[in-house]
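Below you'll find the structure, written out as structure tokens, and then a few comments.
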Amino acid sequence: MSESSRNQEERSLHFIQRIIEDDLATGKHTSIVTRFPPEPNGYLHIGHAKSICLNFGLAEAYQGRCHLRFDDTNPEKEEMEYIESIQKDVQWLGFDWKEHLYFASDYFQQLYDIAELLIKKGKAYVDSLTPEEVKEYRGTLTKPGRPSPDRERSVEENLDLFRSMRAGDFPDGTYVLRAKIDMESPNLNMRDPALYRIKHASHPRTGSQWCIYPMYDYTHPLSDAFEGITHSICTLEFEDHRPLYDWCVIESEFPHQPRQIEFARLNLTYTVMSKRRLLNLVRDGHVEGWSDPRMPTISGIRRRGYPPQAIRDFSERIGVAKTYSTVDFALLEHCVREDLNIHAPRAMAVLDPLKVVITNYPEDQVEFLEADNNPEDPSAGSRSIPFSRELFIEREDFMEHPPKKFFRLSPGKEIRLKHAYYVTCTDVVKDDEGTVIELHCTYDPASRGGWTDDGRKVKGTSHWVSASHAWESDVIIYDKLFTSEVPGAETGDYLDDFNPDSKQVIPGCKLEPSLKETAPGTNVQFLRKGYFFSDPDVSQPGNPVFIKTVGLKDTWAKKMKQS
RNA sequence: UGGCCGAUAGUGUAAUGGUAGCACGACAGAUUCUGGUUCUGUUUGUGAGGGUUCAAAUCCUUCUCGGCCAGCCA
């Protein structure tokens, strides 16, 4: 058996794949068409990324196609800026809608014509109830609604009124076109839902061409039908809308019948995902905009340095189901690390510098040592780094009175300076307050390159930079946006769990010379510290500003924390 | 005393009447010029009761718990 056919047998399908394979096997469809249908009223977040990966991924896997369609039926909330950012986000994830870019607003005329058809069939009527009255007539969850006095208006009068609505004869809110379905339905969506409302508002794409706009529940199924969508995948809260979805397609007498399938949206620990909460974070200044690297927005994680491939991998791993679920943030970070471990070149940066003088190293000598750029990828090559008498190491890599199993530097102990030499600490220099300000060490010339063949056991390895060659820079450390898994679970207010230390600017970090030339928007691993990214928004060529993408796993720090 | 949907290790997700598996996490160990990576092992699960069956996570039934719905938002 070949490897690929074994994989075929072992793979397990999620329920949507199963539906698709079924439809393909029975000949219901010869190929599939999916769509990603955002409303351009905000920035996309990682929950949308799940949907994008699902829809475009399915199309890819089954050699179908996936449309990008903007659901732009509410001009009061939608803007061109969002249309652009959404396209950028989808492309960044690596998906291509090719020529299949659509706008619900392109269907306004077609939608209007079908609305007239519905009126003529006696399936829709113009209602003059006020919004308050509509609400009252609708009934409640447990009480059936009752018919509007306008429900039995004649076809001629409905048509006339509807045309007047379109002509702009009425102010906002005076009339609404409603589907005539069933005011007593236990499903509130079927109690004569609104199809069209009057809005004298300028639309980002159609301008002032229209003053009536179709509702989502009417627009969406018909748009799907127009485009030949076979599987219309949406989130769970639309389950109740499915009967209405089907009603619209059937009553429109449009030949193609798409199928709506619902799946559970993504929730993530330690963050919030709703548009309202995200907006509040931005508006109230808790973060610095929609693309703040702490935000779960696609633009945020892009700026944070999360690779798109990691997001796609994550989307695959979290699965697709109908169960409400909250995915562990750790899984996302795992996917990011896994990708970056293979792709990010290594470099050395000392974030909290402690000076080291190599007392037996010649004063004016500088030598260049060879360092591999990525042990996981030999093709990444190597670079040479300067070594000299005065260096910086990480302050936390030294302890005067170390606990058991501390492998790093302490008085009398020998460690390896990565790619360089073994050094032994001989003296500790302190200031008047007793703070360690400098270390004196000796080096072993025989250990050049960081290795000897004499079988010596050197357990600890530290990163370092040459004091006179390093350049200084602020480095920004980002941490989780919230301190609790489910923000607001305790108090009811998610802002109570906002992490005030989610952004820390670390001044005076010492970076190895090669880092200076990092192009904006490049992932690198600061050896033993974590993955960092040259902030594409503020970096300049020749002057990168590094922000932390995600830390390396740190079992030592974890152990220290426990004790 | 409305309707719809859901419930499998800590988390997420498989098993579609026939050995409850995988991933992440946690824990332990091995390896390692990154306390990273890699590798090995351990831990923990079918919401509850009843029924059908040789056999039930799966089918039936009752219950429990959770989610969504009363925009002229999507």
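Protein chains get the first letters and strands the later ones, always in sequence-line order, with residue 1 at the start of each. Worth knowing before you read on, the calculation uses all heavy atoms, side chains too, and leaves out hydrogens, waters and symmetry mates.
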Contact check, residues 35-48 of chain A vs RNA chain B, heavy-atom distance under 4.0 Å, returns E39(A)
ask   = Considering only the P atoms, how many Å lie between A26(B) and U19(B), rounded to the nearest integer?
value = 32 Å
Between the base of G3(B) and the side chain of D240(A), is there a donor and acceptor pair under 3.5 angstrom? yes
Would you list the atom pairs, donor with acceptor, under 3.5 Å between side chains in residues 328-344 of chain A and any protein atom, with sequence neighbours excluded?
| residue | atom | partner | partner atom | Å |
| --- | --- | --- | --- | --- |
| R337(A) | NE | G551(A) | O | 2.7 |
| R337(A) | NH2 | G551(A) | O | 3.4 |
| E338(A) | OE1 | R317(A) | NH2 | 2.8 |
| E338(A) | OE2 | R317(A) | NH2 | 3.4 |
| D339(A) | OD1 | H343(A) | ND1 | 3.3 |
| N341(A) | OD1 | R346(A) | NH2 | 2.8 |
| H343(A) | ND1 | D339(A) | O | 3.0 |

Residue set satisfying salt bridge (Lys or Arg N to Asp or Glu O under 4.0 Å) with E485(A), at least two apart, ordered chain then number -> none
TODO: Could you measure between the two C1' atoms, the one in A56(B) and the one in A15(B), and give it in whole Å?
DONE: 13 Å
Parsed dot-bracket for RNA chain B after applying the Watson-Crick and G-U rules with both distances under 3.5 Å and | for other-strand partners is .((((((..((((....[..)))).(((((.......)))))....(((((..]....))))))))))).....
**Study point:** Salt-bridge present (R448(A), E367(A); N to O < 4.0 Å)
**Key:** yes
query = Is the base of U37(B) touched by the side chain of R337(A) through a donor-acceptor pair closer than 3.5 angstrom?
reply = no
Look at the side chain of H203(A) and the backbone N and O of P75(A), then say whether any donor-acceptor pair between them is shorter than 3.5 Å. no
Those residues at least two apart in sequence (or on a different chain) that pass salt bridge (Lys or Arg N to Asp or Glu O under 4.0 Å) with D150(A) are R153(A)
Quiz item: Taking the P atom of each, how far is U53(B) from G47(B), in whole Å?
Solution: 23 Å
Considering every strand and a 4.0 Å limit on heavy-atom distances, what is the contact class for R416(A): base, sugar-phosphate, or nothing? base
Report, one line per pair, each donor and acceptor closer than 3.5 Å where one atom sits in a side chain of residues 211-223 of chain A; sequence neighbours left out.
| residue | atom | partner | partner atom | Å |
| --- | --- | --- | --- | --- |
| Y213(A) | OH | A201(A) | O | 2.9 |
| Y213(A) | OH | W210(A) | O | 3.1 |
| D217(A) | OD1 | H241(A) | ND1 | 2.7 |
| D217(A) | OD2 | H241(A) | ND1 | 3.3 |
| Y218(A) | OH | L111(A) | O | 2.7 |
| Y218(A) | OH | A115(A) | N | 3.0 |
| T219(A) | OG1 | M215(A) | O | 2.7 |
| H220(A) | ND1 | D71(A) | OD2 | 2.8 |
| H220(A) | NE2 | R35(A) | NH1 | 2.6 |
| S223(A) | OG | T219(A) | O | 2.7 |

Is there a donor-acceptor contact under 3.5 Å linking the side chains of E132(A) and Y137(A)?
-> no
Item to complete: Between G25(B) and G45(B), how far apart are the C1' atoms? Round to whole Å, please.
Response: 15 Å
Distance-only donor-acceptor test (3.5 Å): side chain E376(A), base G36(B): yes
G12(B) versus G50(B) - spacing of their P atoms, nearest Å | 28 Å
M273(A) CE to G67(B) P, in whole Å, measures 18 Å
- Task: Salt-bridge test for R205(A) and E78(A): reply yes if a basic N is under 4.0 Å from a carboxylate O, no otherwise.
- Result: no
Is it the case that the base of G35(B) and the side chain of R408(A) share a donor-acceptor contact (distance under 3.5 Å, atom types as modelled)? yes
If the C1' atom of G17(B) is compared with that of U58(B), how far apart are they to the nearest Å?
-> 7 Å
Q) Can a salt bridge be assigned to the pair R383(A) and E512(A) using a cut-off of 4.0 Å between side-chain N and carboxylate O? A) yes
